[in-house]
Every structure is written in C-alpha cells, then in structure tokens.
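Below: the structure, in structure tokens.
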Amino acid sequence: MKNIIALFLREFKSYFLSPIAYVVLTMFLVITGYFFYANISVFLDYMMNMMMQAQYYRQMPPPVNVNEFVIMPLFHNFSIILLFMLPMITMRLFAEEKKTMTIELLMTSPLTTVQTILGKYLAALALFVIMLLPTIFYFVIIGIYGNPELYPIITAYVGLFFLGASLMAVGLLISSLTENQIIAAAVTFGIYLLMWTIGWMSSFAGPKFAEVINYLSIINHYNDFTRGIIDTKHILFYISFAFFGLYLTFRSVESIRWRV
Amino acid sequence: MIRVEKISKEFGNKQVLFDIEFEVTKGEVLGFLGPNGAGKTTTMRILTGFLPATRGTASVAGFDIFEKSLEARRNIGYLPESPPLYYEMTVKDYLEFVARIKGIAWNEISKRVEEVMDKVNVTHMKNRLTGKLSKGYKQRVGLAQAMIHNPPILILDEPTSGLDPKQIIEVRELIKNLSGDHTVILSTHILPEATLLCERVLIINEGKIIAQDSPANLDKKLKGVEKLYVEVSGPKDEISKSLRDIPGIIDVSEDKVADGHFGFLIESEVEIDVRKDISRTIFQNNWDLFELRAFGMSLEEIFLQLTTKEEEV
C-alpha cells in the first residue's frame, strides 16, 4: 500500500510539474464552457419561441425541463470531449518511463507490477476527477437561475467517472506498449473513437449481433446515467472493462522485461 | 554474497551470454571488464532482476533472484548505465521518492536523504531539477539513488563513463569509500580504473568469461610469455643461435641493428628467469652486452590481446 501511495504521489505531482495537467485542465474547461454557453443559448432561444407561440394562441406556455434540454445534452458533450482529453492524460504513464529508462529503476526496486500499475492508474484517475470538479460550477449557475433536478446531475457525474475510469485503463495499456508518447496518444484516441462509434453500426447488423455491438459501445452504457438511472448492469460493464484493461496492462508490463 | 550459476541469455535467436558463472564474497569489489557489447550490462540487468535469464540462476544475499525476486532486489542498489532520473523532479524530491519505493520507513526518509546527499556531495544542489544537472552531478545523484537504502550489494554499470577527468576521480573516490561496507560489482571498459578499484577482475568478451583473477595475478598469468630485449655486439647469426639454445627460451627474433649492435626480441617461458643464462652466454662468448631488459605487458595490452580476435594481417 505504501508503495502504491509513493508511486501515486510521484506520478500525480509530475502531471503538475510538466505542462500536461494545466493544458488538459484548461482545454477541458474551455471546451465544456463553450458547450455550456451554446446549450444555454439554444435553450433560451427555444423558450422564447414557446412563449411567443403561447401568447399568439392565448395559452399557457408548456412546461420545459432544464434537465432534459440543457443538462442531459451537456453531459453527453462531456463524454465526447473526454475521448479527446483522456489520451493526453494516459499517454505518458509508461511510454515516458520506457523512453527515459526510469522503468529500470521501478523494475529493479522491490515493487510488484500490480503496485506500479495501480499507482499510475490512480494518479491518472485523480487528475481526471480534478478535471471534472470545476464543471460543477455550470450546474451551480443553472441552479441559481433555474430549477434543475439534482439527482440526475449526480448520477451523470457517477457515470462520467466510470466511463473515464474504463477509458483510462485502455490508455494505460496502450502506453505500456510503446515508448513513444505521440503513438500512445494517437492509438488510444483511435481506439476510443472506434469504441464510441461501433454502436452506430448496430442498425446494419442482424438483431442478435446488433445487441452485441450496442453492448460493446462504451458510450451507450453512459446514457442511462444522464437520465438519472444508476443501473448495476452498466456499472458492472465499466468495472469489468477497466479490470480487463488493467489485466492486459499487467501482462504487457510484465513482458517489458522480455522485450527490452 | 552473490552466486551466479551458469547463466545464459538469448535475445531471440542471438545468444548474448554463455554459461556465466562466478561468485562474489562479502565486501569484495569485483570489476567487469570487457569491450562494448560484451554482455556486462546484460549480466548486471539479470542480477538486478530487470531481465530474466534464459537458463541458469543466481542468488543475491542468499535469495534466488527469480524465486525471491523482491527480497533480492531489496538487497541491491543499482546504478544503470544512464542514471534513472525523473528530470522534472528536484534532487531532494527524487531521492525521497526512491527512498519510499525502496521500502525505507517514512519517518526516516528525510534523515536518510540528507545523509546520502552529503555522502555524494550534492547537498548544495538539492533544490535543483535533476534534468538541469551536469553529467557529473547526475551520476552522483544516480549513485545516491543506488545507496539510499544502504544495500549490502551495489551494482554499478559504468559509473565513470562520460565524466570529465575531475569528476571521474571524484566518483572513483566515492566508490573506494564504499568498498568494505558494501559488496560492489562495477563494470568498466577502462583498465586503469579496474586495477585501481577492484580486488578482482572478470574479463568478459562476447558473452563469455575469459579470465577472472586479481589485477596483479591476471597481469602475471596473462603474460604467458616473458618478453626480453637484448642488445649485443658480435656475430649476429652465432648470437642468435646460442640464445636459442638456452633452455626456457621459446623464440628469438632480430629487432634492429645500430652501430654494429644487434637487437633481439626474446620470448621465454614465464616460470624460468632466463636473464642470467643470457648474460652468461654472452660473456662466455666474449660478446659485448649493451642492454638487457624485460618488458611486461600492461593490463591494457592484455585486455586488447584478450578481447580482440587475432587476425592475420
């Protein structure tokens, strides 16, 4: 446990000693902020039209739900932005150590491979959580001017966390396979895109196969979370996905000894 | 302290180590000597648990390096060829991190880091980024990293490579101070360094140990033949013939002629001192002796002779 903490601390601090953390955090906030503004603008425009229509027909304006019209799409946007941001967080984890051969220090120290992987994975996870924290501010603003339901926001964050955690397990695996950070980021991003868009293929596949494809599509499992539903089925999917990624990383890191 | 039993290593189809076998006793300083690509680094990496061996095994401080890898690693301090530094960390932070992963109790870490920085003389640099240090300081921090958990065994891969002469002397001093308390294995391709630092030298070439002994013994053993130079005036052929008749002399070749003196290069067996026989022969024949000198080979020559393949010119 102490070893994991030591590795975690070093890895986490290193994010902030290099520009990576600042760049990723800033970019994430800029892009999500832009989407927040855009979604709100579209929503206001829509509201305005509804009001004018209601006045024209001399009726009460229909009730509009801010959760459905602003918050749900916003969380969906978050999940897509993650596909672009997370490779930048995970790319360096093993690739850099292999390039500078500091991996030799880790592998000749009394550390187990599991400790090494967990230390790095948790550090990336911590940065990810820190990246999400400022976005709470958007919902505070909505809360001040509107009357959103709180519960779906919380479940959406839970979903986002699980989504990110399983995506980062893939990133960690790819990083352990190369010593080039650019390659790690590019391949990770490619895999993310495939895992996201594979669901689109389901309408062209047979009924049985479509189900499999839909199940594999990593974003599909996230949709229920944004609707305020926490389904153990989806949590189980993400956890087993992350576990599988970490297991493959374990095999890959063990094999570094044979490949150097 | 260290026992290596018939270790072989293959990378794909290429075998780089062939049945390496040696022992190191407690407190000894052992030098690996060999040209680049001889297998020194690979041997060290196997001992430190970084690489697995294809065949054979080894034990370090009583722990099998494959069965009890973690315990073995705990007893080793390792300085790889390039010091494994995280360039974005300061010297102090870096050493604290290494102290943690080497399993030092957390409340003793800062004390231990101070001690080891003092030992390698980097205390005044403790807040500098390791990436901004000069090569010599990087090497020192590398050394500090290797000895931070006070391991009984230190394995140092080319600890003086790439340093300037002053830094080399400093690092050598450091290593000298370490011996005694620690069992040290170091690799080098510089011979004077091996003679200076090591009690025993192991010469490796193309993945095989081709000699192992103390530098002095090695010097003696590897001479194989004693070489003498004699300068005499007199009838050349007769001199040559009578020199050849002396027991123990293997070969006589003519070297140079100057002012009617003839120079001869004589090779003789090691165990027999032929000098008195040579001088007696010369005086008995009433020739004049101008010079008689033995020249031993320096380790450098031995090394070259051992590690370069003899090729016909």
Side-chain angles (χ1 to χ4, degrees), chain A residues 1-24 91-120 122-123 127 179 181 250-260, chain B residues 9-12 41-42 44-54 60 63 65-66 68-90 93-94 96-106 109 129-131 142 145-146 148-149 151 153 155 157:
Chain A
M1 195 62 209
K2 266 188 190 167
N3 288 339
I4 297 177
I5 296 171
L7 287 161
F8 168 84
L9 287 177
R10 192 205 71 73
E11 202 68 51
F12 187 69
K13 270 191 218 155
S14 279
Y15 275 123
F16 290 91
L17 293 173
S18 71
I20 293 184
Y22 304 102
V23 170
V24 172
M91 66 180 184
R92 56 182 287 279
L93 290 171
F94 277 104
E96 192 178 31
E97 303 247 16
K98 285 171 79 176
K99 186 113 192 165
T100 59
M101 281 314 278
T102 45
I103 192 91
E104 209 171 349
L105 169 66
L106 299 185
M107 293 187 132
T108 57
S109 293
L111 301 170
T112 64
T113 307
V114 173
Q115 287 167 346
T116 312
I117 290 173
L118 283 184
K120 285 176 176 295
L122 293 177
L127 182 66
E179 56 178 57
Q181 294 191 43
F250 172 76
R251 303 303 304 208
S252 156
V253 172
E254 288 274 284
S255 79
I256 288 174
R257 296 177 193 278
W258 273 270
R259 286 186 282 136
V260 168
Chain B
K9 176 72 187 171
E10 288 163 23
F11 288 118
T41 299
T42 307
M44 290 185 155
R45 283 180 164 177
I46 290 173
L47 281 179
T48 53
F50 183 57
L51 290 178
T54 311
V60 168
F63 298 106
I65 55 168
F66 304 117
K68 297 251 186 243
S69 181
L70 287 186
E71 285 88 344
R73 283 186 239 166
R74 230 165 249 140
N75 286 289
I76 298 176
Y78 175 41
L79 171 65
E81 211 166 343
S82 60
L85 307 177
Y86 293 101
Y87 284 171
E88 72 275 12
M89 296 173 91
T90 63
D93 282 352
Y94 171 72
E96 281 174 357
F97 165 68
V98 179
R100 283 192 196 115
I101 61 170
K102 298 285 182 187
I104 297 178
W106 286 35
I109 283 174
L129 295 181
T130 57
Q145 164 274 125
I148 193 146
H149 53 307
I153 295 161
I155 296 183
D157 197 353

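As the structure is a computational prediction, the values presented were derived from the model and not from experiment. Protein chains get the first letters and strands the later ones, always in sequence-line order, with residue 1 at the start of each.
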inquiry  = Is Q115(A) in contact with chain B via its backbone, its side chain, both, or neither, using a 4.5 Å heavy-atom distance?
reply    = neither
message = For the residue pair K120(A) and F94(A), would you count it as a cation-pi contact if the rule is NZ or CZ under 6.0 angstrom from the ring centre and within 45 degrees of the ring axis?
response = yes
ask   = Is it true that the NZ or CZ of R10(A) lies under 6.0 Å from the centre of F97(B)'s six-membered ring and within 45 degrees of the ring axis?
value = yes
request  = Against chain A, label Y87(B) side chain, backbone, both or neither, depending on which of its atoms sit under 4.5 Å from a heavy atom there.
outcome  = neither
task = Heavy-atom distances under 4.5 Å only: say whether L129(B) touches chain A with side chain, backbone, both or neither.
result = neither
task = Under 4.5 Å heavy-atom distance to chain A, tell me which part of E81(B) shows up: side chain, backbone, both or neither.
result = neither
query = Please walk me through it: do F50(B) and Y78(B) pass ring-ring contact (aromatic ring centres under 6.0 Å, His included)?
reply = CA-CA 10 Å; F50(B) 183 57; Y78(B) 175 41; 7.9 Å; no
ask   = Side chain, backbone, both or neither: which part of Y86(B) has an atom under 4.5 Å from a heavy atom of chain A?
value = both
inquiry  = Within the structure provided, determine whether D157(B) and L79(B) are in side-chain contact (heavy-atom separation under 4.5 Å).
reply    = no
ask   = Heavy-atom distance under 4.5 Å between the side chains of S69(B) and R73(B), does that happen here?
value = yes
query = Do Y94(B) and P84(B) have side chains that get closer than 4.5 Å, going by heavy atoms?
reply = yes
query = Among I101(B), T48(B), L70(B), which residue forms the greatest number of heavy-atom pairs with chain A at distances under 4.5 Å?
reply = I101(B)
ask   = For S18(A), is it the side chain, the backbone, both or neither that has a heavy atom under 4.5 Å from a heavy atom of chain B?
value = neither
